[in-house]
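Note sheet for the following structure.
Everything numeric in this text was worked out from a predicted model, so none of it was measured. Position 1 is the first residue of the sequence; numbering continues from there.
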Amino acid sequence: MIPITKPFMPPIEEYQKFLEGIWEREYLTNNGPLVQELEVRLKEYLGVNNLLYVSNGTIALQIAIKALGLKGEIITTPFSYVATTSSIVWEGCEPVFVDIDPDTLNIDPELIETAITERTTGILATHVFGNPCDIDAIKKIANKHGLKVIYDASHCFGTTYKDRSVFSYGDISTTSFHATKLFHTIEGGAVFTDDDELNYRMRRMRNFGHAGFEQFDGVGINGKNSEFHAAMGIVNLNYIDSIFEKRKQQSLFYEKHLHRPEFQMITIQPNCDFNYAYFPVIFESEQVMLKVNRSLVNKGIVPRRYFYPSLGTLDYVINGNNPLADDISSRILCLPLYYELSEAEQELICQIILSEKKE
Ligand SMILES: Cc1ncc(COP(=O)(O)O)c(C=O)c1O
């Protein structure tokens, strides 16, 4: 079978060395030495001022919303993974959807302003598939209306925007280090901010609000991660350059072989160094996409409908008018992309897609 993705698995001996250290120290979680080492190494690698390693990308979003004290309405995108919307609702806020740019698939900044009301407190935008939003336009609108900006940068490990890590933009950026992501720690995530005071608050929040053994400073949750997860991150970080290179070559292969007007590919932000995290293809219609999907599945190849359904259709939100997101999410398919995917396998995938098109 060729799945949509496979987690990167480093040599087992390298992970085992870290296990021996964990057994010696008998220190499994609660901001242990490996968590601290991972944070230092990631900060250096990404060139960011603050980074807090948390248990997953969903808790990262929830901590970000809580730390900024967002209430009322949060303007967001209907084209993202469900966690972007569900975190808003989980934190007691209302998602207000704004349609997307059909080329980048990111939230359309021109539509944000029309959706602002006196109840709007923030914007939660996703850099979809690792492709940065129009960060400058969003910042301008947020400043004008006194809104906070959170970026869901779950797909963005390694992406830079104007020569800086994309994680360094917005009041807070969040990411996911889930096993399906290009850089992973099995489960995991992080929050990023340049505001030291906000970082302090989120550090407390991640650990139940503890400010000492018997002291608390504000409400908190269990957002910590373990030494086992951090160890996987430290080992995987040693392989990150070859992971990026593989992804890039595989994406260029798909691009070259599927270069046809009937297959739309996303337009990458001009000011960014892209990480090739996903390879989405937008087909002419849902019917064509379903036909291609069926043929691939029949041959043991499993692409995924990222992102489907459009989030405005969830049963716990008020649906806005998002014709572009609804349309694109009905006919998009992400093709398999992972470290071990071979050129022969990619060739087979392209052949099946192209032969479906001929019929
Ligand atoms: C855009 C987006 N936001 C949030 C998440 C949630 O991350 P996690 O699975 O680490 O909780 C994901 C990942 O699956 C994602 O793709």
Side-chain angles (χ1 to χ4, degrees), residues 56-129 131 133-135 137-155 170-174 176 189 191 219 221 280 282 286 289 304-332:
N56 56 62
T58 306
I59 208 84
L61 284 165
Q62 288 170 215
I63 289 175
I65 295 167
K66 188 81 86 192
L68 288 169
L70 301 188
K71 302 265 180 280
E73 296 175 356
I74 299 179
I75 294 175
T76 191
T77 174
F79 192 75
S80 182
Y81 184 57
V82 69
T84 316
T85 299
S86 64
S87 301
I88 294 174
V89 176
W90 198 268
E91 288 304 315
C93 300
E94 277 169 56
V96 173
F97 296 103
V98 153
D99 214 346
I100 58 171
D101 176 313
D103 298 322
T104 63
L105 312 190
N106 287 325
I107 195 166
D108 183 344
E110 285 189 19
L111 300 174
I112 291 178
E113 211 155 9
T114 60
I116 296 172
T117 71
E118 69 280 359
R119 296 188 61 236
T120 310
T121 56
I123 299 167
L124 171 44
T126 302
H127 302 301
V128 176
F129 300 136
N131 186 24
C133 293
D134 189 342
I135 290 173
I138 292 174
K139 186 170 184 189
K140 218 161 140 189
I141 296 163
N143 286 348
K144 183 172 160 197
H145 295 273
L147 304 177
K148 300 291 183 192
V149 178
I150 300 172
Y151 283 114
D152 181 342
S154 291
H155 304 162
D171 292 284
I172 299 175
S173 273
T174 68
S176 165
V191 288
V219 69
I221 197 163
I282 303 163
E286 183 170 25
M289 184 279 298
R304 281 290 296 270
R305 297 184 75 180
Y306 287 149
F307 293 104
Y308 178 84
S310 178
L311 298 173
T313 64
L314 291 168
D315 64 1
Y316 50 83
V317 301
I318 296 167
N319 198 356
N321 185 23
N322 313 302
L324 294 171
D326 294 353
D327 172 45
I328 285 172
S329 77
S330 75
R331 54 194 176 93
I332 193 167

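- Taking each heavy atom of Ala83 and Leu61 in turn, the nearest pair found is O-CD1, 3.7 Å.
- Lys71 approaches Thr121 most closely through the heavy-atom pair O-OG1, 2.6 Å.
- Minimum interatomic distance between Thr313 and Ser310 (heavy atoms only, all atoms of both residues): OG1-O, 2.6 Å.
- Here ring-ring contact (aromatic ring centres under 6.0 Å, His included) pairs that include residues 63-83, with residues two or more places apart or in two chains, are Phe79-Phe307.
- With rounding to the nearest 0.5 angstrom, the CD1 atom of Ile112 is 9.5 Å from the OG1 atom of Thr76.
- For CD of Glu110, the number of neighbouring non-hydrogen atoms (other residues, nucleotides, ligands) closer than 6.0 Å is 12 at most.
- With respect to Arg305 and Glu286, a salt bridge is recorded, a charged nitrogen being found less than 4.0 Å from a carboxylate O.
- Note that SG of Cys93 and CD1 of Ile74 are 4.0 Å apart. Values are rounded to the nearest 0.5 Å.
- In this structure, Asn56 contributes its side chain and Gly189 its backbone to no donor-acceptor pair below 3.5 Å.
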Derivation of the side-chain contact (heavy atoms from CB on, under 4.5 Å) call for Asn131 and Leu105: CA-CA 9 Å; Asn131 186 24; Leu105 312 190; over 6 Å; no
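- Rounding to the nearest 0.5 angstrom, the gap separating the CD1 atom in Ile123 from the NZ atom in Lys148 is 12.0 Å.
- Using a 4.5 Å cut-off on side-chain heavy atoms (C-beta onward), Ile65 and Ile150 make contact.
- For the pair Lys66/Glu91, a side-chain contact is recorded, criterion being any heavy-atom separation below 4.5 Å from C-beta on.
- Between His145 and Thr120, the closest side-chain pair of non-hydrogen atoms is not below 4.5 Å.
- For the ring-ring contact (aromatic ring centres under 6.0 Å, His included) condition, no pair includes a residue of residues 92-122, sequence neighbours left out.
- Using a 4.5 Å heavy-atom cutoff, the side chains of Val96 and Thr117 are not in contact.
- In this structure, OG in Ser176 is found 12.5 Å from CD1 in Ile59, a value given to the nearest 0.5 Å.
- Of all the heavy atoms in Leu147 and Asp171, the pair that sits closest is O-OD2, 4.4 Å.
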Derivation and outcome, side-chain contact (heavy atoms from CB on, under 4.5 Å), residues Ser154 and Thr126: CA-CA 8 Å; Ser154 291; Thr126 302; over 6 Å; no
Hey, can you pull the donor-acceptor pairs under 3.5 Å for the side chains in residues 315-325, sequence neighbours left out?
none

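- A donor-acceptor pair is defined here as one N or O able to donate and one able to accept, closer than 3.5 Å; such a pair exists between the side chain of Asn106 and the backbone of Val128.
- From Asp99, atom CG reaches atom OG1 of Thr77 across 8.0 Å, with rounding to the nearest 0.5 Å.
- For the atom pair OG of Ser87 and CD of Gln62, the computed distance is 4.5 Å after rounding to the nearest 0.5 Å.
- Between Thr58 and Trp90 there is no side-chain heavy-atom pair separated by less than 4.5 Å.
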Chi angles and distances behind the side-chain contact (heavy atoms from CB on, under 4.5 Å) call for Ile138, Ile107: CA-CA 9 Å; Ile138 292 174; Ile107 195 166; 4.0 Å; yes
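- In this structure, Ile88 and Glu94 approach most closely via the heavy-atom pair CG2-C, 3.9 Å.
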From CA spacing to verdict: side-chain contact (heavy atoms from CB on, under 4.5 Å), Asp152, Leu124: CA-CA 7 Å; Asp152 181 342; Leu124 171 44; 4.1 Å; yes
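- Between Ser80 and Leu311, the shortest heavy-atom contact is O-CD1, 3.4 Å.
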